[in-house]
Amino acid sequence: MNEKNELIAEEKITTKELNRISWRYILASQLNWNYERMMGSGYLYAIMPFLKKKYKNQAELKDMAKMHNQFFNTNANFGNLILGIDIAIEEKEGYKAKETVTALKTALMGSLAGVGDSLFHVIWGTIFGSIAATLAQQGSVVGCLIWLIANIALLFGRAWLLPLGYKQGTKLVTTLKDRLGAFTNAATVLGITVIGALIPSVIKIATPLVYSHNGVKLPLQTTLDSILPTLIPVLLTVLVFWMLGKKKMNSTRVIWIVLIGTIVLSALGILGVPVPPVAK
């Protein structure tokens, strides 16, 4: 019986099982998110089919399940990659890989969180979201389709990462180790550049105030444009960034402050929508 169990434990995981684990993680990785373990429960739920197949010894199964239920938090899109590498190592080394897997998860979850947040939260969402929103504002249904297609592509791209991590295994860890820092910095710079370029095209706000003296009228907006074009949108962006950095400020509160503030300032005639130049 022991020999039979060992043979079963050595069975290779199938592509179907890998895909099942991948979608379990995608759909449930954050359903039980909490401040104690964050995504730990979701990680355990995803990998449980593999653990049951690999560890026929109940004591080892319980111990590995307990280990995988510890604190885990990374970018949701890159969690599958760590999961695939984890499965590849455990499949080869078994229970003795417990400490290695723990160290692997600890080392990669922070690094991949930085890369993933820069790549997907900043670059992906900003580029596709701004394009889609701009087209939608113009009444084009293509804007909605672009955002829908971008998110579907991202969803199935996440599913592909787990098989990739499994096939590459430890080689992928070695390759990523020397390049994560440079890739994170490059992605951050690109994301900041994209956001900076989008400020004048997405944030439409100006001041209608006009300074008058002895019959001479000087629009305040013209003066501001001579200092820095779209100065007010830039200042508003900096204000929002500053507010988001405060401990008691979340995105919902900032949205309400901006909404109420702009309505009040518009009613007082201090802020308004930029007037397009009249064609000659």
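Computed from a predicted model, the values in this text were never measured in an experiment. Throughout, residue positions are numbered sequentially from 1 according to the sequence presented.
- No path of Ile, Leu, Val, Met, Phe, Trp and Tyr side chains, each step under 4.5 Å between heavy atoms, connects L161 with I26, placing them in separate hydrophobic clusters.
- Using a 4.5 Å heavy-atom cutoff, the side chains of V240 and L244 are in contact.
- Evaluation of the salt bridge (charged side-chain N to carboxylate O under 4.0 Å, His left out) rule for E93 yields K96 as partners, not counting sequence neighbours.
- Of the candidates E90, K62, E60, Y55 forms a side chain to side chain donor-acceptor pair (under 3.5 Å) with just one, namely E90.
- Atom CD1 of I89 is separated from atom OG1 of T100 by 7.0 Å, given to the nearest 0.5 angstrom.
- With hydrogens and angles ignored, the 3.5 Å screen pairs no side-chain donor or acceptor of D63 with any backbone N or O of A59.
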Below 3.5 Å, can you tabulate the donor-acceptor pairs from side chains in residues 251-272 to any protein atom, sequence neighbours excluded?
unit_1 : atom_1 : unit_2 : atom_2 : d
R253   : NH1    : K248   : O      : 2.4
T262   : OG1    : V258   : O      : 2.7
T262   : OG1    : L259   : O      : 2.9

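- Residues I85 and L104 meet the side-chain proximity criterion, which asks for heavy atoms closer than 4.5 Å.
- Side-chain contact between S41 and N69 is present, with at least one heavy-atom pair separated by less than 4.5 Å.
- Nearest heavy-atom pair across R158 and S29 is NH2-OG, 4.4 Å.
- Note that CG of L112 is 11.5 Å distant from CG of N80, once rounded to the nearest 0.5 Å.
- When every heavy atom of A88 is checked against every heavy atom of G165, the shortest pair comes out as CB-O, 4.5 Å.
- Under a cut-off of 6.0 angstrom, the local environment of CZ in F241 is sparse, with at most 12 non-hydrogen atoms contributed by other residues, nucleotides or ligands.
- In terms of heavy atoms, A76 sits closest to Y25 at O-CE2, 3.9 Å.
- Taking every heavy atom of both residues into account, Q221 and T207 meet most closely at OE1-N, 3.0 Å.
- L162 is not listed as a side-chain neighbour of L81, based on a closest heavy-atom distance of 4.5 Å or more.
- For R24 against A46, the heavy-atom pair with the smallest separation is NE-O, 3.8 Å.
- The side chain to side chain contact (heavy atoms under 4.5 Å, CB included) search around W124 returns F120, F128, A150, L154, not counting sequence neighbours.
- In terms of heavy atoms, A65 sits closest to L44 at O-CD1, 3.6 Å.
- Remark: E17 pairs with I13, T14, K53 by the side chain to side chain contact (heavy atoms under 4.5 Å, CB included) rule, at least two apart or across chains.
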>> The test is side-chain contact (heavy atoms from CB on, under 4.5 Å); show your working for Y95 and M64 and say whether it passes.
In response: CA-CA 8 Å; Y95 182 72; M64 293 301 288; 3.8 Å; yes
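- Scanning for salt bridge (charged side-chain N to carboxylate O under 4.0 Å, His left out) contacts around D225 gives an empty result, with sequence neighbours left out.
- With hydrogens and angles ignored, the 3.5 Å screen pairs a side-chain donor or acceptor of K56 with a backbone N or O of K52.
- Side-chain contact between N32 and R37 is absent, with no heavy-atom pair separated by less than 4.5 Å.
- Counting heavy atoms from C-beta outward, I131 and L135 have side chains that approach closer than 4.5 Å.
- For the ring pair (Phe, Tyr, Trp, His ring centres under 6.0 Å) condition, the pairs that include at least one residue of residues 28-52, sequence neighbours left out, are W33-Y35, Y43-H68, Y43-F72.
- Counting only distance, with no hydrogens or angles, the side chain of S140 and the backbone of A136 share no donor-acceptor pair below 3.5 Å.
- A salt bridge is absent between K105 and D86: the closest approach of a Lys/Arg side-chain nitrogen to an acidic carboxylate oxygen does not fall below 4.0 angstrom.
- No continuous path of ILVMFWY side-chain contacts below 4.5 Å connects L27 to I21, so the two sit in separate hydrophobic clusters.
- Linking Ile, Leu, Val, Met, Phe, Trp and Tyr whenever their side-chain heavy atoms come within less than 4.5 Å puts L164 and M109 in one cluster.
- Following chains of ILVMFWY side-chain contacts shorter than 4.5 Å, one can reach I82 starting from M38, so the two form part of one hydrophobic cluster.
- I127 and L155 are assigned to two separate hydrophobic clusters, defined by single-linkage of ILVMFWY side chains at heavy-atom distances under 4.5 Å.
- For the residue pair Y166/E91, the side-chain donor-acceptor check at 3.5 Å is satisfied.
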